[in-house]
Amino acid sequence: MNFTLLITVLLTAVTLVVGAYVIAKLIGPRSYNPVKGEPFECGIPTRGSSWLPAHIGYYLFAILFLMFDIETVFLYPWAVVVRQFGTMALVSIGFFLLVLVFGLAYAWRKGALEWK
């Protein structure tokens, strides 16, 4: 096989990344201030630890958002080719949507969508 194109792309990518890094180091500002390393929240100095646990509701909501976002990603290519596959395409997407509806119903029943 001829890997000339692959090697050219990889060398170009490495060259561009290294070049951007070198240019940033050469022309970037070099001032360092110890205050830059301190935690900063809205102009108010922090008291205590900045590492507070986040509410689990944020994580559950994000997972549900991703689930339905990925559903949309899968529905678009299906909609493009649905006429070519006919009834089988409708049955398969119906099953796919049924699984997602059951997942949403389960999350709703468990209270994942309620903000407490």
Side-chain angles (χ1 to χ4, degrees):
M1 286 191 159
N2 190 356
F3 290 107
T4 307
L5 181 62
L6 178 64
I7 292 171
T8 305
V9 169
L10 289 176
L11 286 176
T12 304
V14 169
T15 304
L16 288 175
V17 170
V18 170
Y21 183 75
V22 168
I23 290 171
K25 282 294 184 185
L26 290 175
I27 66 173
R30 289 187 180 85
S31 66
Y32 176 75
N33 190 344
V35 176
K36 287 184 181 179
E38 294 180 10
F40 181 79
E41 294 183 18
C42 302
I44 302 170
T46 58
R47 290 182 219 137
S49 175
S50 297
W51 294 96
L52 299 175
H55 189 268
I56 190 69
Y58 293 116
Y59 298 112
L60 293 174
F61 199 79
I63 288 171
L64 287 172
F65 174 77
L66 285 175
M67 181 176 76
F68 288 103
D69 191 40
I70 290 172
E71 169 197 359
T72 305
V73 169
F74 283 128
L75 282 177
Y76 181 74
W78 171 82
V80 171
V81 297
V82 69
R83 286 188 180 162
Q84 295 173 357
F85 292 107
T87 308
M88 190 59 191
L90 290 175
V91 170
S92 64
I93 204 66
F95 180 72
F96 178 71
L97 292 174
L98 185 68
V99 169
L100 285 174
V101 167
F102 280 144
L104 179 62
Y106 177 77
W108 196 338
R109 187 168 184 211
K110 288 291 186 178
L113 301 176
E114 295 183 20
W115 226 225
K116 295 178 185 176

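The model shown is predicted, which means the values in this text are computed figures rather than measured ones.
Cluster annotation: Val101 and Leu75 are assigned to distinct hydrophobic clusters (Ile/Leu/Val/Met/Phe/Trp/Tyr, side-chain heavy-atom contacts under 4.5 Å, transitive). A single hydrophobic cluster is not seen to contain both Tyr21 and Ile27; linkage of ILVMFWY side chains at heavy-atom distances under 4.5 Å, directly or through other members, places them apart. Clustering ILVMFWY residues whenever any of their side-chain heavy atoms sit less than 4.5 angstrom apart, transitively, puts Leu64 in the very cluster that holds Trp108. A continuous path of hydrophobic side-chain contacts links Phe3 to Leu10 [ILVMFWY only; heavy atoms under 4.5 Å]. Linking ILVMFWY side-chain heavy atoms closer than 4.5 Å, directly or via other members, places Phe96 and Leu90 in a single hydrophobic cluster.
At a threshold of 4.5 Å between non-hydrogen side-chain atoms, the residues Trp78 and Val82 count as touching.
Looking at every heavy atom in both residues, Lys25 comes nearest to Arg30 through O-NH2, 3.0 Å. The minimum heavy-atom distance between Leu104 and Met67, with the atom names listed, is N-CE, 4.4 Å.
The neighbour count for Phe74 CZ, taken as heavy atoms of other residues, nucleotides or ligands under 6.0 Å away, does not exceed 12.
Between Thr12 and the options Leu16, Thr15, Val9, a side chain to side chain contact (heavy atoms under 4.5 Å, CB included) holds for only Leu16.
Atom CZ of Phe61 sits about 8.5 Å away from atom CZ of Phe65, to the nearest 0.5 Å.
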